[in-house]
Amino acid sequence: MNQVVTAPPRVRIAPSPTGDPHIGTAYIALFNYVFAKKHGGKFIIRIEDTDRNRYRPESEAMILDAIKWFGIEWDEGPDIGGPYGPYKQSERLPLYLEAAKELIEKNHAYRCFCTVARLEKLREVQTANKLPPGYDRHCRALSLEEAEKKLAAGEKFTIRFKVPTSGVTSFNDQIRGKVEFENARLDDLVLLKADGYPTYHLASVVDDNAMKITHVIRGEEWVSSTPKHVLLYEAFGWTAPLFTHLNLLRNTDKSKISKRKNPTSILYYRRKGILPKALRNFLALMGWSLGGDQEIFSTETMIENFTWERFSLGGPVFDLQKLLWMNGQYLKQLPDEAWVAMIRDQVFTEEYLKQIVPLIKERVQALEEFIPNADFFFTGDLKYEGTSILPKGFAAKVVAKWFSDILESFETLDEWSVPKIKAVIETFVAQNGLKTKDIFMPMRIAVSGTPVSPPLFETIQVLGKEMVRRRMRLAMDYLKTLKEPIAQNTEASPS
RNA sequence: GUCCCCAUCGUCUAGAGGCCUAGGACAUUACCCUUUCACGGUAAGGACACGAGUUCGAAUCUCGUUGGGGACACCA
């Protein structure tokens, strides 16, 4: 387990640009970075944009930006290049094609003409019969002629890996030790999709090899596909890197951290005013410790003292409260000048003020009224009280469900703009046979904390998706605490 | 359902067979400091999941049980 690192390691993180930069990415990045620096190696960022359905063009820049803010520097990456570029998988497509072809030639892969519908049906039947779902290797048995015929007929196909049907595949995880899987339990995974893009499995193996990655340090969710990767390395005749699977950050209920239950966007924490060094320290503690009682330590100290032995395997619950405490510790140490600069540069930014002013200026008569009218643009979590969040005649449970549905629609938005937000709300109102006023007041109170505020859609837009999501979730939590049978004519009173 | 991983206070963890009557931190409670609030200080409650074994001795090693998590996509 205490492996000796001889050559300088090359490690990478491989985020996919499918949305906001994720806190889990920062966590994994930190350990990759620290490990690399400890041993004088290189830390690389590679963008895995092979899923064109979930691809969000704005996401890549956001991820790089967020990691930069987080305070760890990469030695090679899509923006700065490096000796093994390009560092974006969509720009490396020929490589994967060639690799897939090579595997077919070596008889380690085959074309699969099964339709998505057939696979779905198959899975359905398997689950119904309580069998583990998996590909039944239907096309593996296809003769060469049959395959050629389908190919000539222009049938769509994927390329699947021919996984050995017997034997055992194992790997030595740097913190878990030897992990073994029976090959018979593995199914023939897709390497190349019908659209010509590779799956993660193919792309990451090909790239890790091409980029001379020595250590793959990634999340625990990859443990069960690692034997497939090992088998791929063998099929190619390449040496596999050393694997390390870190435990996943968890919600309070111990499930894998999710935006439903926690703010997961790095942007949220930046906006909140969490200091990068505090976040790094906190995330480091989610699985690693210096050894004694010291909890506050710098990333440099972590690098100096880093060993995998000090890593613990239990899935750590992400505790916002402790992060806040730790952030406070760091904040207190900062000189006043730093505070002034931070408030000017991060809180009252020109960009943010420019968005807020047009919403406020028509409702005030003197500048001093600005802050009281715009306070909720600058505060974080709001406190809800009373029952004014409930429209007359609706149960709290119902309103919570509204919020949940609207939040879901917000998630699908490809652009956070007033027209799109408006469309979501209006569609929702129409589909549920509500009156506009039914939903406006609850929404307004949820996002601004007050029944008197600037226009709703603009407010939502300016607050930003992360903040709106957070506040609506908190409002939903609050709604759940309201006693169901609300006395009809009770005045709204603080609870 | 199948496979894999994991298991110390509510939470993050220290603990690598005797230093453990299990230590620290967050949170909680009480008191002190204080015009208030906060900070700070002091204190309290609070855990080795269970059962077998190995051993003179087990939180620490082994096995089983239970519990939790992850994976089983033409997503990563």
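Here the structure is a predicted model, which means the values were calculated and not measured.
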Heavy-atom nearest nucleotide on RNA chain B taken for Asp319(A) and for Asn53(A); more 5' hit belongs to Asp319(A)

Does Lys156(A) reach a base, just sugar-phosphate, or nothing at all? Heavy atoms under 4.0 Å. nothing

For rC37(B), what is the paired nucleotide under Watson-Crick or G-U wobble rules, both distances under 3.5 Å? none

Tell me what Ser289(A) touches on the nucleic acid: a base, only sugar-phosphate, or nothing, going by heavy atoms under 4.0 Å. sugar-phosphate

Checking base pairs now: Watson-Crick or wobble, both atom distances under 3.5 Å. What partners rA71(B)? rU2(B)

Any base atoms under 4.0 Å from Glu48(A), or only sugar-phosphate, or nothing? Heavy atoms, all strands. sugar-phosphate

Which one of Arg140(A), Glu145(A), Glu146(A) satisfies the side chain to side chain contact (heavy atoms under 4.5 Å, CB included) criterion with Leu142(A)? Glu146(A)

Could you tell me whether Lys178(A) and Glu180(A) have a side-chain N and a carboxylate O separated by less than 4.0 Å? yes

For a quick check of understanding: with a heavy-atom distance under 4.0 Å over all strands, which category does Thr252(A) fall into, base, sugar-phosphate or nothing? nothing

Atom pair distance, as rounded to whole Å: CG in Leu189(A) and P in rA76(B): 12 Å

At 4.0 Å (heavy atoms only), tell me whether Gln89(A) reaches a base, stays on the sugar-phosphate, or touches nothing. nothing

Under 4.0 Å, heavy atoms only, any strand: does Leu119(A) hit a base, just the sugar-phosphate, or nothing? base

Electrostatic pair Asp381(A)-Arg470(A), nearest N-O below 4.0 angstrom: yes

Short N/O separations, protein against nucleotides 1-3 of chain B, under 3.5 angstrom:
residue : atom : partner   : partner atom : Å
rG1(B)  : O2'  : Lys130(A) : O            : 2.8

To the nearest angstrom, the CG-P distance between Leu290(A) and rA25(B) comes to 16 Å

Would you please confirm or rule out a distance under 4.0 Å between OP1 or OP2 of rC74(B) and any side-chain N or O of Arg123(A)? yes

Under a 4.0 Å N-O cut-off, is there an ion pair linking Arg92(A) with Asp49(A)? no

Side-chain N,O (Lys193(A)) to OP1/OP2 (rA73(B)) below 4.0 Å: no

Inter-nucleotide C1' distance (rC9(B), rA27(B)), Å rounded: 12 Å

For rG24(B), does the base pair up with any side-chain atom of Glu295(A) as donor and acceptor (N or O, under 3.5 Å, distance only)? yes

Please state how far atom CD in Glu220(A) lies from atom P in rA7(B), giving the value in whole angstrom units. 11 Å

Would you indicate, yes or no, if rA73(B) has its OP1 or OP2 atom less than 4.0 angstrom from a side-chain nitrogen or oxygen of Gln126(A)? no

Partner nucleotide, any strand, of rA52(B) [Watson-Crick/G-U, under 3.5 Å]: rU62(B)

Side-chain touch Glu120(A)/Arg123(A), heavy atoms, less than 4.5 angstrom: yes

Rounded distance in Å between the P positions of rA16(B) and rA22(B): 16 Å

Give one of base, sugar-phosphate or nothing for Pro17(A), where a contact means two heavy atoms less than 4.0 Å apart. nothing

Say we look at rG23(B) and rU65(B): how far apart would their C1' atoms be, to the nearest angstrom? 30 Å

Kindly point out which of rC75(B), rG68(B), rC74(B) is positioned nearest to the side chain of Thr158(A)? rC74(B)

Which part of the nucleic acid, if any, lies within reach of Gly287(A) when heavy atoms closer than 4.0 Å are counted: base, sugar-phosphate only, or nothing? sugar-phosphate

Hey, is the main chain of Arg46(A) close enough, under 3.5 Å, to the side chain of Lys88(A) for a donor-acceptor pair? no

In whole Å, I'd like the distance from the OH atom of Tyr55(A) to the P atom of rA76(B). 14 Å

Between rA14(B) and rA25(B), how many Å separate the two C1' atoms, rounded to a whole number? 11 Å

Please work out if Cys112(A) contacts a base, only the sugar-phosphate, or nothing of the nucleic acid, heavy-atom cut-off 4.0 Å. nothing

Under 4.0 Å between a Lys/Arg side-chain N and an Asp/Glu carboxylate O for Asp136(A) and Arg118(A)? yes

Using the P atoms only, state how far rC33(B) lies from rG15(B), rounded to an integer number of Å. 39 Å

Touch class at under 4.0 angstrom, heavy-atom based, for Ser312(A) against every strand present: sugar-phosphate

What integer number of Å spans the P atoms of rG64(B) and rC6(B)? 14 Å

What's the gap between rA59(B) and rC48(B) when it is taken at their C1' atoms, as a whole Å value? 5 Å

What about Lys322(A): does its side chain form a donor-acceptor pair under 3.5 Å with the base of rA25(B)? yes

Which base, if any, makes a Watson-Crick or G-U wobble pair with rG57(B), both distances under 3.5 Å? none

Whole-angstrom distance between rC39(B) and rU34(B), as gauged at atom C1': 10 Å

Under a 3.5 Å limit for both distances, which nucleotide forms a Watson-Crick or G-U wobble pair with rA43(B), could you say? rU29(B)

Begin from the C-alpha positions of Tyr268(A) and Lys272(A) and carry the test side-chain contact (heavy atoms from CB on, under 4.5 Å) through to its verdict. CA-CA 6 Å; Tyr268(A) 173 84; Lys272(A) 198 175 179 67; 3.3 Å; yes

Considering only side-chain heavy atoms of Lys254(A), which listed nucleotide, rG40(B), rC26(B), rG69(B), is closest? rG69(B)

Establish, with yes or no, whether the OP1 or OP2 oxygen of rA76(B) is under 4.0 angstrom from a side-chain nitrogen or oxygen of Arg54(A). no

Within the 4.0 Å heavy-atom criterion, would you say Val116(A) contacts the bases, only the backbone, or no part of the nucleic acid? base

Starting at the 5' end of RNA chain B, which residue's closest nucleotide do you reach first, Gly291(A) or Trp222(A)? Gly291(A)

Would you mind reading off the distance between His245(A) atom NE2 and rG70(B) atom P, rounded to a whole angstrom? 15 Å

Taking NZ, NE, NH1 and NH2 as the nitrogens, is one of them in Arg10(A) or Asp75(A) under 4.0 Å from a carboxylate oxygen of the other? no

Counting any heavy atom closer than 4.0 Å, what does Arg310(A) reach on the DNA or RNA strands: base, sugar-phosphate only, or nothing? sugar-phosphate

Which label fits Phe236(A) and Trp238(A): parallel for a plane angle under 30°, tilted from 30 to 60°, or perpendicular past 60°? parallel

Looking at the rings of Phe31(A) and Tyr27(A), which for Trp means the six-membered one, are their centres under 6.0 Å apart? yes

